[in-house]
Amino acid sequence: MNSSPSHAIVQLVATPIGNLGDITFRAAEAIREADLVACEDTRHSRKLLEHLGIRDKELVSLHEHNERHRVPDLVSRVAAGLRLVYLSDAGTPGISDPGYRLVNAALESGLRVEALPGPCAVVTALAGSGLPSDAFYFGGFLPVKSGRRAREVREALVRRETSIFYESPHRLLKTLEAIRELAPDREVCVARELTKRFETYHRGAAGELSAYFSENPAKGEITLLIRGAGRDQASSE
Ligand code: SAM
């Protein structure tokens with residue numbers, strides 16, 4: 001149940017992942033109407049607000065290293081009647097980004113929470129990949145430790161659904177090689193710099209893509225997709 005003043009709300013607002021034109025009308029309005037904007041990096045979000053012509057907002061930082069002690073204070077300010085917007089650096093807050101603790105604490109205090117839809121690399125990459133998109137697994141960032149990474153790769157290769165991971169350009173080749181060793185013909189897609197000037201989708205067998213990226217080291221932001229085991233999508237639903 002929601003027992004807070006009527007305008008008290010926490011709004012998670014998705015922001016562009018590389019193309020400022022992708023901000024939504026609702027996102028801009030929510031930021032404009034907010035009493036307080038919490039963000040992962042105040043300098044980064046300040047630039048977005050300036051682009052929107054918003055210059056008079058109080059910004060407070062809320063990131064993975066301070067959220068434990070900052071969230072209770074923010075929640076009590078919302079409970080007192082504030083409209084709070086939360087922005088991560090790019091994309092949808094809470095998706096491999098801070099936001100979860102704030103949402104949880106707000107809900108536990110009976111506050112209203114809204115998530116405004118908008119840019120998100122995992123969804124954009126899936127839609128453009130050409131891989132079955134009716135069901136998918138999102139694993140967030142692939143683990144850095146090689147044993148845990150190898151396990152994620154093995155699991156992806158037997159899973160029926162398309163698997164999607166956020167990946168660092170420095171580790172991409174190692175991951176593609178790990179896929180190639182077990183399933184050289186498995187189709188993968190490397191979605192790079194989505195929505196930006198040099199956006200590229202590399203689609204092909206793990207063997208082909210690992211050969212390509214060993215010659216052309218990857219740069220920029222990367223989302224990696226792996227086709228599910230023995231499966232195509234039957235219809236467009
Ligand atoms: N919350 C964000 C979202 O909704 O997509 C994700 C934040 S996570 C900290 C950042 C990672 O997402 C990057 O390291 C990369 O793997 C992926 N990513 C973000 N922007 C991207 C882009 N423009 N193209 C491809 N992948 C991207």
Side-chain angles (χ1 to χ4, degrees), residues 10-24 26-27 30-31 37-45 47-48 51 61-67 85-104 113-131 133 136-144 148-149 152-153 156 162-176 178-179 188-204 209 212-213 216-226:
V10 173
Q11 290 178 308
L12 297 194
V13 173
T15 57
I17 56 171
N19 185 328
L20 284 173
D22 290 336
I23 191 85
T24 69
R26 257 188 101 198
I31 297 169
V37 176
C39 43
E40 199 178 353
D41 178 336
T42 52
R43 279 194 307 182
H44 184 95
S45 294
K47 286 187 195 146
L48 175 70
H51 173 78
S61 78
L62 182 67
H63 47 68
E64 59 174 331
H65 304 296
N66 71 4
E67 59 184 349
V85 154
Y86 182 64
L87 312 172
S88 58
D89 280 354
T92 303
I95 307 301
S96 295
D97 260 346
Y100 167 78
R101 276 184 212 288
L102 175 64
V103 169
N104 241 264
V113 174
E114 266 180 14
L116 275 58
C120 182
V122 55
V123 174
T124 308
L126 177 63
S129 68
L131 294 175
S133 54
F136 67 95
Y137 166 88
F138 174 53
F141 279 100
L142 272 168
V144 175
R148 291 186 52 216
R149 261 165 109 68
E152 277 284 1
V153 166
T162 299
S163 296
I164 312 176
F165 301 98
Y166 288 159
E167 180 57 300
S168 132
H170 316 294
R171 286 188 287 269
L172 175 70
L173 182 58
K174 279 213 170 329
T175 303
L176 290 172
I179 302 169
V188 294
C189 173
V190 174
R192 229 193 101 250
E193 296 285 271
L194 293 170
T195 76
K196 305 185 197 179
R197 188 158 165 228
F198 296 109
E199 167 177 302
T200 40
Y201 285 91
H202 293 270
R203 306 173 178 91
L209 262 58
Y212 175 83
F213 282 105
N216 305 277
K219 287 193 211 123
E221 295 200 281
I222 284 171
T223 300
L224 172 68
L225 304 95
I226 306 174

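Each ligand, and each atom within it, is numbered from 1 in the order the structure gives. Scope of the values below: all heavy atoms of this structure, side chains included, with no hydrogens, waters or symmetry mates.
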With a 4.5 Å limit on heavy-atom distance, are the side chains of S88 and E40 in contact?
yes
Test side chain to side chain contact (heavy atoms under 4.5 Å, CB included) applied to C120 and L126, I17, T92, the passing residue
T92
For ligand 1, protein residues within the heavy-atom limit of under 4.0 Å are I17, A90, G91, T92, I95, S96, D97, C120, A121, F141, Y166, E167, A191, E193, L194, K196, E221, I222, T223
When you measure from the side chain of D97 to the backbone of G91, do you find a donor-acceptor pair of N or O atoms at a distance under 3.5 Å?
no
Side-chain heavy atoms of P16 within contact of L48, under 4.5 Å:
yes
Carefully, step by step, assess I95 and V123 under the rule side-chain contact (heavy atoms from CB on, under 4.5 Å).
CA-CA 11 Å; I95 307 301; V123 174; over 6 Å; no
Is the backbone of E193 close enough, under 3.5 Å, to the side chain of E221 for a donor and an acceptor to pair up by distance?
no
